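Note sheet for the following structure.
Note that the coordinates shown come from a computational prediction; the quantities given were computed from them, not determined experimentally. So you know, we letter chains A, B, ... as the sequences are listed, proteins then strands, and number each from 1.
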Number of protein chains: 2
Amino acid sequence: MTKQPGRKRDREATRARLLECARLRFARDGYDGTSVRDVAGDVGVDPALVFRYFGSKSGLFSDAMATSQEAVVLPDGPVEELPAKLLHQLVFEDWAEYAGEHPLIAMLRSASHEDMRDRVRQQVCDGYLGVLSELAEGNDDKDLRTELFGAWLLGIGILRTAVGTPSLTKATEADLTPHLASVAKALFGRDIPV
Amino acid sequence: MTKQPGRKRDREATRARLLECARLRFARDGYDGTSVRDVAGDVGVDPALVFRYFGSKSGLFSDAMATSQEAVVLPDGPVEELPAKLLHQLVFEDWAEYAGEHPLIAMLRSASHEDMRDRVRQQVCDGYLGVLSELAEGNDDKDLRTELFGAWLLGIGILRTAVGTPSLTKATEADLTPHLASVAKALFGRDIPV
DNA sequence: TCCTCAAGTCATCGATCGGTGACTTACCTG
DNA sequence: CAGGTAAGTCACCGATCGATGACTTGAGGA
C-alpha cells in the first residue's frame with residue numbers, strides 16, 4: 001500500500017484504495033483519531049488528492065461508510081438458521097478489514113457526530129432488524145422483541161471486542177449456541193434449532 | 001458555571017468543578033472531541049489551571065473517570081430483584097450528568113485509547129457482572145451466562161441511547177420487564193419475578 | 001512527435017490543540 | 001497594615017489539523 005513509482009495513473013483505482021484505507025482507519029481509530037494525512041499516507045498519495053476527490057474529510061468519511069454498507073451481506077435461508085448466522089457474522093467473523101471488529105461496533109466509536117448515529121441506526125434497522133423480524137410472530141410487540149434480540153447480539157459483540165470480558169472473549173461459537181437457542185425461544189416463543 | 005468575579009479562591013472546589021465539567025464533556029463529546037480549553041471555559045477558569053491541577057489532559061481524564069466510578073452505586077437487596085434494578089440503572093435512569101447516557105455507554109465513545117478499554121472492562125467485571133453472578137447457579141458456565149445477560153442489558157442501553165432504534169426508544173420500563181423475566185429464566189434457569 | 005488534459009504534487013495558510021513558564025492577584029496570618 | 005504564599009492568569013511555543021490554489025507530471029490521441 002506504499003507509493004510505487006511505476007504505478008499507473010488510475011483515478012478509480014486510487015479512489016477505491018483511498019476508501020479502503022479510510023474504512024480501516026476510521027474503524028480502528030475513530031473519526032477524530034484519523035487524519036487525512038494518515039489515509040493519504042497509507043495509499044502513498046498526497047493528502048491534497050483526498051480533498052480533490054472527496055471534497056472534505058467528512059465527505060471521505062461518508063463515502064467510506066456508504067461503500068462499507070454494501071459490503072455487509074445479510075444472510076438468507078431458512079428463518080430458523082438466522083440467529084446462528086447473525087451471531088456468526090456479528091461476533092465471530094473475522095472483520096480484518098475493520099481491525100478485527102464488526103463495522104457496526106467500529107462505527108459506534110465515531111458516533112460523536114449526529115449523521116454517524118443516523119447512519120448506524122439506518123443500517124441496524126433496515127439491515128439486521130429487518131432480517132430478524134422474520135423470527136418474531138404475533139402483533140403485540142413484534143418489533144420490540146426483535147430489537148431486544150438484536151440488542152443481545154450487539155451487546156455480545158461489544159463485550160467481546162470492545163470491552164474484552166473474560167468468559168465471552170474465550171467462548172467459542174459452540175459455547176454460545178445453546179444459550180442462543182434458549183434466549184431465542186424465550187423471546188420469540190418458538191424453537192430455534194441451532 | 002461561568003466565571004463569577006466575586007467567588008472565593010478554593011482549590012478543592014475549583015478542582016471538583018473541573019472534574020464535574022470534564023466528566024460531562026468527555027461523556028458527551030468523547031476524549032478527542034473535548035479540549036482542555038472547553039472544560040476550563042465551562043468552569044470559567046484559565047486553561048493553564050487544568051495543567052497545574054491534573055498535569056495533562058489524560059490526567060484530567062483519568063481523574064474524572066475515577067471519580068465517576070464512585071458515583072455508580074451498585075444495587076443490593078434480594079437477588080431476584082437484581083435484573084430489574086440493573087435494567088433501571090443501566091437503561092432508564094436519567095444520567096443527566098453524562099448527557100443522558102449511562103457512563104459505561106458514554107465511555108465506549110472514548111475507547112480509542114487502551115487504558116480506557118481496561119477501565120471499562122474493570123468496571124463492568126468488578127461491578128455489574130459481579131452483582132449479576134449471584135443470579136447464576138451451577139458451575140459449568142456460570143460466568144459465561146452472567147456475561148451473556150450483562151451483554152443484553154448493555155446492548156439494550158446502546159440501542160436505546162446511542163443508536164436510537166424505534167421500538168426500544170419508545171418502550172417504557174414496564175414494556176421490558178416481562179421479556180426481562182423470560183430471558184433471565186432462559187439464561188439462569190429459574191424464575192426471576194420482576 | 002507533440003499537445004492536451006487529467007492525475008497527482010507542492011507550498012502554504014489559518015485555526016486549534018496540548019503544554020510551559022513567568023507573571024499577577026487575592027486571601028490568611030502575624 | 002504588611003508581606004508571604006497559593007490560586008489563578010497571561011503570553012506564547014511547537015506541532016498538527018483541515019483546507020486551498022498554483023504547480024508539475026504523465027499518458028493517450030491527433
Side-chain angles (χ1 to χ4, degrees), chain A residues 1-23 25-26 28-65 109-110 112-116, chain B residues 1-23 25-26 28-65 109-110 112-116:
Chain A
M1 207 57 70
T2 52
K3 185 193 299 195
Q4 300 165 8
R7 77 165 193 276
K8 304 210 37 156
R9 288 191 165 191
D10 189 332
R11 178 187 178 92
E12 289 311 311
T14 304
R15 209 183 120 97
R17 296 224 315 273
L18 281 173
L19 286 175
E20 182 183 347
C21 293
R23 264 197 307 273
R25 286 275 186 180
F26 282 132
R28 190 179 53 200
D29 306 322
Y31 183 83
D32 291 324
T34 299
S35 73
V36 174
R37 287 169 171 83
D38 288 335
V39 178
D42 290 341
V43 180
V45 106
D46 194 272
L49 200 64
V50 174
F51 295 96
R52 279 185 66 89
Y53 284 171
F54 305 99
S56 65
K57 180 185 179 181
S58 58
L60 170 67
F61 183 78
S62 294
D63 284 17
M65 290 308 161
R109 231 187 278 285
S110 303
S112 58
H113 253 56
E114 200 64 27
D115 56 343
M116 194 67 247
Chain B
M1 205 57 68
T2 51
K3 186 191 298 196
Q4 300 164 7
R7 77 165 192 275
K8 306 219 16 163
R9 289 190 165 190
D10 189 329
R11 177 185 179 95
E12 290 311 311
T14 305
R15 208 182 121 98
R17 295 222 316 269
L18 281 173
L19 286 175
E20 182 184 347
C21 293
R23 266 197 304 273
R25 285 276 185 179
F26 283 132
R28 191 180 51 200
D29 306 325
Y31 183 83
D32 291 325
T34 299
S35 73
V36 174
R37 287 169 170 82
D38 288 335
V39 178
D42 289 341
V43 181
V45 105
D46 194 273
L49 201 64
V50 175
F51 296 97
R52 280 183 63 91
Y53 283 171
F54 305 99
S56 64
K57 179 183 178 181
S58 59
L60 170 68
F61 182 77
S62 295
D63 284 17
M65 290 308 159
R109 232 188 275 286
S110 303
S112 57
H113 255 54
E114 199 63 27
D115 56 341
M116 195 64 247

Would you mind classifying the nucleic acid contact of A:Y53 as base, sugar-phosphate or nothing, using non-hydrogen atoms under 4.0 angstrom? sugar-phosphate
B:G55 or A:R37: which one's nearest nucleotide on DNA chain C is closer to the 5' end? A:R37
A:D38 has an atom CG; how far is it from atom P of D:dA19, in whole Å? 14 Å
In whole Å, what is the span from the CD atom of B:E12 to the P atom of D:dA7? 9 Å
Quick check: closest heavy atoms across A:D63 and A:R15, and the distance to 0.1 Å? OD2-NH2, 3.3 Å
Can you check the B:D10 CG to C:dT25 P distance for me, whole Å? 21 Å
In whole angstrom, give the distance that lies between atom NZ of A:K57 and atom P of D:dA19. 8 Å
Considering heavy-atom distances to DNA chain D, does B:R11 or A:F51 have its closest nucleotide positioned more toward the 5' end? B:R11
Do B:Y31 and A:D32 touch side chain to side chain, with heavy atoms closer than 4.5 Å? no
Donor-acceptor pair, B:R17 side chain versus B:V43 backbone, under 3.5 Å? yes
Assess whether side-chain contact (heavy atoms from CB on, under 4.5 Å) is satisfied between B:R52 and B:L49, documenting all intermediate values. CA-CA 5 Å; B:R52 280 183 63 91; B:L49 201 64; 4.3 Å; yes
Out of C:dT9, D:dA6, C:dG18, which nucleotide sits closest to the side chain of A:L49? C:dT9
Spacing between A:R9 atom CZ and D:dG28 atom C1', to the nearest angstrom: 12 Å
With DNA chain D as reference, determine whether A:S35 or A:R52 sits nearer its 5' end, using the nearest nucleotide of each. A:S35
With heavy-atom distances below 4.5 Å as the criterion, would you say the side chains of A:F54 and A:L19 are in contact? yes
Tell me the interatomic distance from B:L60, atom CG, to C:dG19, atom C1', rounded to whole angstroms. 14 Å
Tell me: CG of A:D32 to P of D:dG18, nearest whole Å? 9 Å
Respond yes when some side-chain nitrogen or oxygen of B:T14 is under 4.0 Å from OP1 or OP2 of D:dG8, and no when none is. yes
Rounding to a whole Å, what distance do you find between A:R15:CZ and C:dA6:P? 17 Å
